[in-house]
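Notes to accompany the following structure.
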2 protein chains.
Amino acid sequence: MAGIIKAESYHIQAYKYIQKSLLEKKYKPGEQITEVGLANELEISRGPIREAMRMLMQDGLFVQNGSRTFVFNPSYQDALDLYLCKERLEPLAAKLAAKNIDEDGKMELSNMLDKIENSVANEQPVEEITTYNTEFNDLILTFSKNDQLIHFMNLIRSKTIYMRNALLGEVNRRDVFLEEYRAITAAINQNDDCLAEQLMIKHVEVDLEMLKQYFENATEEE
Amino acid sequence: MAGIIKAESYHIQAYKYIQKSLLEKKYKPGEQITEVGLANELEISRGPIREAMRMLMQDGLFVQNGSRTFVFNPSYQDALDLYLCKERLEPLAAKLAAKNIDEDGKMELSNMLDKIENSVANEQPVEEITTYNTEFNDLILTFSKNDQLIHFMNLIRSKTIYMRNALLGEVNRRDVFLEEYRAITAAINQNDDCLAEQLMIKHVEVDLEMLKQYFENATEEE
DNA sequence: TATCTGAAAATTGTCAACATTTTAAATAGT
DNA sequence: ACTATTTAAAATGTTGACAATTTTCAGATA
């Protein structure tokens, strides 16, 4: 029957709910998480909660210490470490995308870029631009057509986002990478894989520089 | 009390057991896995089994299709894709190790190399050499002192090993990278991070070449 | 005051039962 | 023979109960 949807199983919903809550800082870095607590909060039994927690642990977002579970509490060093990994894999994605993208893909990427241009021109809220940033990078990742890379980058992404949040506190990043995105899009659309790779390396480095700046500001206020 | 150990919880044991079984081809690529089956086999209830399965799924070793679970059935392309990732991260590990290793580390790495030299010289069984290969690379990873990288590389490693197994069938790889390991060890011990990185890139490429060869032989026999 | 001790409370570990959904098989109708 | 339809079997989804640990904390002891 059309339009009939079946609900996702609880462990999946719990998994997503927790991920979301982490970004919303409902659970804070270093905070202890208990099965019972989560089960009460979501009003489901502990079974599915456990499954969700195991998934989060494999992702590295939850950390186990003895028999207790805590929200991953990243150090500044962790963020730097992660960016080192990002700096290797993200450019690979760009390179592969430039090699493997087809005409439809080029169109899609250009449309995405337009969306961002508009969003920036009309001074839309930070959230919207952040969302588009993610979508833009996701698109490139998809066009890389490398399933393994996609898998790892997804892990890195969710961790990056979480870490930025965790380390930067209430700071509101308003990152505009318009020029960089334009250049990257152009390189990919021209199938210039080397250039795409170089530009992406540069982009990750700039992104890291900004993180460092924000971090220094955020910490000296305390 | 000394010597008193408490058993690991069932989901951990199940997780390890399954990983091991995958390498031993007890469960074959593409094979369907049921909770009930595993629960009966390990003679425990389905709860812990589910947790272990969720972990394996996050690792990418189990794959879900609808409500059914299958052992990851890697294509040759998957292997190539994975090596592309490996080629980026493994050299990073070598580079960082060259930068961050201390005197104790250098000693440890040299000892490891000696072990391998002996093992090869005395024509020990393939399994022993393979084990040492892994340990050697693990050591470098540890010395990189980058926790994030360690986490991702572990994922890549277990997947690589599994894939090789899955794709190569009964083929018995007897890979000796002695010369390469000597060079890498030297570079790291001299803190020459650029050289260490380059050598490791080369090494991963050689490794990939061998995989390709083995694969072609393995497939044309069918 | 410091620390030892031993309930009491909280939390994780495990299971078995039951509900729901999915898959496979058997039957019947064309 | 082919394909619906029904039924049975198997698997997953979810829960509540209970066991085993771990933590917490008040009171006892030095």
Side-chain angles (χ1 to χ4, degrees), chain A residues 1-22 26-73, chain B residues 1-22 26-73:
Chain A
M1 287 167 254
I4 300 298
I5 54 169
K6 55 173 185 287
E8 286 179 303
S9 18
Y10 288 179
H11 67 269
I12 301 284
Q13 292 190 53
Y15 177 65
K16 291 182 179 171
Y17 171 86
I18 296 170
Q19 278 192 271
K20 194 157 152 263
S21 301
L22 285 174
K26 186 165 192 158
Y27 314 119
K28 302 201 185 61
E31 178 179 343
Q32 181 176 0
I33 298 293
T34 70
E35 293 171 13
V36 191
L38 240 30
N40 289 336
E41 192 175 331
L42 303 200
E43 298 184 275
I44 60 180
S45 68
R46 279 170 47 223
I49 295 284
R50 285 187 134 236
E51 296 174 44
M53 288 177 73
R54 295 287 171 265
M55 293 194 269
L56 269 308
M57 283 177 207
Q58 293 302 93
D59 291 348
L61 258 29
F62 277 6
V63 169
Q64 197 144 27
N65 190 313
S67 62
R68 287 195 281 187
T69 305
F70 301 87
V71 176
F72 175 48
N73 189 5
Chain B
M1 286 167 254
I4 301 297
I5 54 170
K6 56 169 182 289
E8 286 179 304
S9 18
Y10 288 179
H11 68 269
I12 301 284
Q13 292 190 53
Y15 178 65
K16 291 182 180 172
Y17 171 86
I18 297 171
Q19 277 192 251
K20 194 156 151 263
S21 300
L22 285 174
K26 187 165 191 159
Y27 314 120
K28 303 203 183 61
E31 180 179 341
Q32 181 175 0
I33 297 293
T34 70
E35 293 171 13
V36 191
L38 280 174
N40 290 336
E41 192 175 331
L42 303 200
E43 297 183 275
I44 60 179
S45 70
R46 280 169 47 224
I49 294 285
R50 284 187 136 238
E51 296 174 47
M53 287 176 74
R54 292 278 137 26
M55 293 194 269
L56 268 309
M57 284 177 206
Q58 293 302 94
D59 291 348
L61 258 30
F62 277 5
V63 168
Q64 197 144 27
N65 189 311
S67 62
R68 288 195 280 187
T69 305
F70 301 87
V71 176
F72 175 47
N73 190 4

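A note on names: the letters A, B, ... follow the listed sequences, proteins ahead of strands, and every chain is numbered from 1.
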Touch class at under 4.0 angstrom, heavy-atom based, for A:I33 against every strand present: sugar-phosphate
Close side-chain approach of A:E51 and B:H11, heavy atoms under 4.5 Å: no
B:M53 and A:R54: CA distance, side-chain angles, deciding distance, side-chain contact (heavy atoms from CB on, under 4.5 Å) verdict: CA-CA 10 Å; B:M53 287 176 74; A:R54 295 287 171 265; over 6 Å; no
Protein-nucleotide distance (A:M57, atom CE; C:dT12, atom C1'), rounded to Å: 11 Å
Between C1' of D:dG13 and CD of B:Q64, the distance in whole Å: 12 Å
d(OH, A:Y10; C1', D:dT12) in whole Å: 14 Å
First of A:S67 and A:S9 reached from the 5' end of DNA chain D, by closest nucleotide: A:S9
Sugar-phosphate only, base, or nothing, as touched by B:R68 at under 4.0 Å among non-hydrogen atoms: sugar-phosphate
Side-chain N or O of B:R46 closer than 4.0 Å to phosphate OP1/OP2 of C:dC15: no
Protein-nucleotide distance (B:H11, atom NE2; C:dC15, atom C1'), rounded to Å: 16 Å
Contact nearer the 5' end of DNA chain D, comparing B:G66 with A:Q32: B:G66
Minimum-distance nucleotide (side-chain atoms of B:S45 versus C:dC15, C:dT11, C:dT22): C:dC15
Nearest-angstrom distance from the residue atom CD of A:Q13 to C1' of D:dT12: 16 Å
Integer-rounded Å distance: D:dG16 P and A:E35 CD: 15 Å
Distance (rounded to the nearest 0.5 Å) between A:F62 CZ and A:M55 CE: 11.0 Å
Touch class at under 4.0 angstrom, heavy-atom based, for B:G47 against every strand present: nothing
Spacing of B:Y27 atom OH and B:L38 atom CG [to the nearest 0.5 Å]: 5.0 Å
Side-chain N,O (A:R50) to OP1/OP2 (C:dC15) below 4.0 Å: no
Whole-Å distance separating the CG atom of A:L38 from the P atom of D:dT14: 15 Å
Nearest to side-chain heavy atoms of B:T34, which nucleotide of C:dC15, D:dT12, C:dT12: D:dT12
Flag for A:E8-A:Y15: side-chain donor and acceptor within less than 3.5 Å: no
Length of the CD1-P vector between A:I49 and C:dT12, whole Å: 11 Å
